[in-house]
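Here is the naming used below: chain letters follow the sequence lines, and residue numbers restart at 1 for every chain.
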Amino acid sequence: MSVTTTSSQTRGTEPPLLVLSSSPHIHSPLTAERAMYTVLATLLPVAGVSVYIFGWRVLPIVLTSVVSALIAEGVAQWARRRSPWRSLKDGSAILTGLLLALTLPASTPLWVAALGSTVAILLGKQAFGGLGHNVFNPALVGRVFLLVTFPQLLSDFSGSVRMVDTVTTATPLAAVAQGQTVPSYLELLAGYRAGALGETAAVALLLGGLILIAFRIINWRIPFGILATVAIFAWAAGQDPLFHLLSGGLILGAFYMATDWVTSPLTRLGSWIYAVGIGLITMVIRLWGSYPEGVSFAILFMNMCTPLINRYTLPRPIRASDVSEEVSARA
Amino acid sequence: MLSLAILEHFRGRGVRPPEEKRITAGKPSRRLPAPDKVYLSLLQHAGTPCTPTVRKGDRVIRGQVVGEPSGLGAPVHSPICGRVVAVEPYPHPSGQLVPTVIIENDGGDSFLPLDRSYLGDTSMPEAMDPAGIRRLALEAGLVGLGGGLFPTHIKLTPRSDPRPDLLILNGCECEPYLTCDHRLMVEEPHLVLWGARAMRRALGVNNVVIAIEDNKPDAIELISHMIRELPGFSLRVLPSRYPQGAERTLTRTLTGRQVPSCGLPADVGVVVHNVGTAAALGRALLHSEPLLERIVTVAGDAVREPGNFWVAIGTPIGEVLRQAGLKEAPVRKVIMGGPMMGLATSSLELPILKGCSGLLAFTAEQETLAESLPCVRCGRCLEVCPQGLAPVRLTQLVAAGMVTEAATNGLLDCVECGACAYICPSRRPLVQYLRQGKAELRRRQAQQPAGQPTKQPVCRDQVSA
């Protein structure tokens, strides 16, 4: 069924050529494109903090990742005989590239960033049919692909912290796992610790996340649900909740990855289920898994459950029996 | 009872588009001079077209009936004196050609008043004969002037089960730009209240709630002052939120009663009438005047002097727009009605119909139509739907041709308010999909062999106030 949105015609000799379209004739200014670029804008300070902490080598990684994502998107759209320009313009590929870069350590070779980003777009997004059709968060598909393919590269945080005298090369969560000293809360908040490019700057991430919530671009229930679940779980397991909130990629994941419109549930109740699920899986992996960090896996697992969550939380269809009763009652 | 689980309260739902009412809300309305020609469409109501009662060459006078209902409908009257130059199919806003009586104005000033003898005691509405009020509503050609177009005399006939116990007078006017009901309440509140009292009498109810959105403080003050002496009348000020004034939404908000799926407010003992309809009934009762003209908000950036105008029914919309100073060069879209539910028109020769509350002339800069992106599953359409439906799911089903499944998911409960398409960040034409789905469903139902029991939900046409 084809849907024509505009058609013009004139009658008689009337000069104005008028647009015909279905109501409504006005629209909210918040378009998907604008939302993507707003998310990108709030990530700029995060990238800035990252440059400050890790030095200039952050920029080539970010650029490589973004450009590779754009190329992959353009090529895939072209191969699928869709307009490449239209999909490059919507900002989603740039966002995927940037988010992926922010999950990589500062020592990542550029070709690894390019590969991850290409996998993110091709397997994470275009393989499903492009924007709006993917099941998994593309950036996380790219990251997990790199994590399982190059485990050493992805956990090499050597020399990554330039601001701290005592160079810690293990991430805080890995440090706990290995019984090393861990950074203070303040260090965690400000980002003076080992970790991926974007996950260390908790303050910048929180600020960006709050802006997105204020503009109603992301659903507050998701980050709130995840953080609350993690904190409660950590407390119940006898661990330090604040430490768990501020370590690893939790804040980046909760505000920027889990809130992806496409891969998160449609309803409010669904969002709560999804968020609690992410929090629980994260903590299970952190406490008992073989990886020190589990946010990426947790989000992907819950992405997988999203269609099911939607199925059970969308408004319930009228059952056929109700309908026939109603019809006979009226007859 | 049909599953009500899919329907939720309106609170927190709906959208808040920019109101754009300030320019026209404070300006007194103007009466436009009678046009040289009127095009009286014989389909200005929900139902079937009227049968013409005049022929080419006849002379008619103001107030004379030119079309009588055949089946569901209301008569059409001539708003001018003149000669019938044609009775022929003419473009109708629906896009079809509809029988239309075309009358050329000869400047005469004779007037044929309505017969009010059957009303009984006309000193006050409470003393009138209820059947007489209904008859007058019919003979005055009244239909739901909020755009519902349902013949008023039928909505004034009380059901026996359940008996109505509340009349809601809808003065919400939640559509952006439109201020005609607002001006009407400020300028002619006595007609509104006189008509409302007669409606109450005809329906045999005691209580009348007048609902007004909080963006009309002058109307609220005036009406609340005037109903102080009227027992049974009360005023409810509602937050400005679209679609606050949709009939089912309003019923739910004011009474907490849930209008059943595919049902009407009358199913829960509530009757909703627009303030414009009440004023028209008031005018018929007090001045013996049938529905000859209506108040129309003319606005939009392509209009030099936006405002409210009293316009003879049948005036071509181009004529009305020119009177308001249409800038022809930049006009890009002309909408009959409001921007959320109004109809875009292709021609300025279309006539003003009884239900036309607004004429908006938009410039290219006001055009927000854009190429749509794929659905990004943000779920905003679910959040705003006043009917608690899932437009995202319904449109997917319609697009896949699965209209029966769409119907079981509530397709026919959609009131086409446009909140979902307004909020959609991918600018998807959701309402268009939903309309297509309904049309397809009707087509399939019509194809079913007669006598075979229908498996699909049968619904009366939705009538929105």
### Query
Would you say A/Phe128 has more than 12 foreign heavy atoms packed within less than 6.0 Å of its CZ?
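More than 12 heavy atoms, drawn from other residues, nucleotides or ligands, come within 6.0 Å of this atom.
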#### Entry: Heavy atoms of other groups near A/Phe301 CZ, more than 12 under 6.0 Å
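No, CZ of A/Phe301 has 12 or fewer neighbouring heavy atoms, counting only those of other groups under 6.0 Å.
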Relative to chain A, which segment of [X] carries a heavy atom at a distance below 4.5 Å: side chain, backbone, both, or neither?
| X | value |
| --- | --- |
| B/Arg16 | neither |
| B/Cys375 | backbone |
| B/Ile423 | both |
| B/Leu373 | both |
| B/Leu430 | neither |

Please rank [options] by heavy-atom pairs under 4.5 Å with chain A and give me the top one.
| options | answer |
| --- | --- |
| B/Ala390, B/Gly318, B/Gly337, B/Cys378 | B/Cys378 |
| B/Pro374, B/Gly418, B/Pro339 | B/Pro339 |
| B/Cys381, B/Pro176, B/Gly379, B/Ala344 | B/Ala344 |

### Message
Less than 4.5 Å to any heavy atom of chain B: does that hold for the side chain of A/Ser264, its backbone, both, or neither?
### Response
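The backbone, not the side chain.
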#### Entry: chain B contact via A/Arg86 - which portion, at a heavy-atom distance below 4.5 Å
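Only the side chain of A/Arg86 comes within 4.5 Å of chain B.
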To check you understand the geometry: which heavy-atom pair defines the closest contact between [X] and [Y], and what is its length?
| X | Y | answer |
| --- | --- | --- |
| B/Tyr422 | A/Pro24 | N-CG, 3.8 Å |
| A/His25 | B/Gly338 | CD2-O, 4.3 Å |
| B/Arg377 | A/His133 | NH2-C, 3.3 Å |

### Message
If we ignore hydrogens and angles and just use 3.5 Å, is the side chain of B/Arg393 paired with the main-chain N or O of A/Pro315 as donor and acceptor?
### Response
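No; judged by distance alone, with no hydrogens or angles, the pair does not exist.
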### Query
Can you check whether B/Cys424's main-chain N or O pairs, donor with acceptor, with A/His27's side chain at less than 3.5 Å?
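Side chain of A/His27 to backbone of B/Cys424: no pair is present.
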### Query
Measuring from A/Leu17:CG to B/Lys333:NZ, what's the distance to the nearest 0.5 Å?
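Output value for this atom pair is 13.5 Å.
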### Task
Determine the option with the most heavy-atom pairs under 4.5 angstrom with chain B, choosing from A/Ser87, A/Ser28, A/Gly132.
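Ranked by contacts with chain B, first place is A/Ser28.
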#### Entry: Residue among A/Asn134, A/Thr267, A/Thr306 with most heavy-atom pairs under 4.5 Å to chain B
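Option with the greatest count: A/Asn134.
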### Message
If the condition is salt bridge (charged side-chain N to carboxylate O under 4.0 Å, His left out), which residues does B/Arg435 pass it with, not counting sequence neighbours?
### Response
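Only B/Glu416 meet the salt bridge (charged side-chain N to carboxylate O under 4.0 Å, His left out) criterion with B/Arg435.
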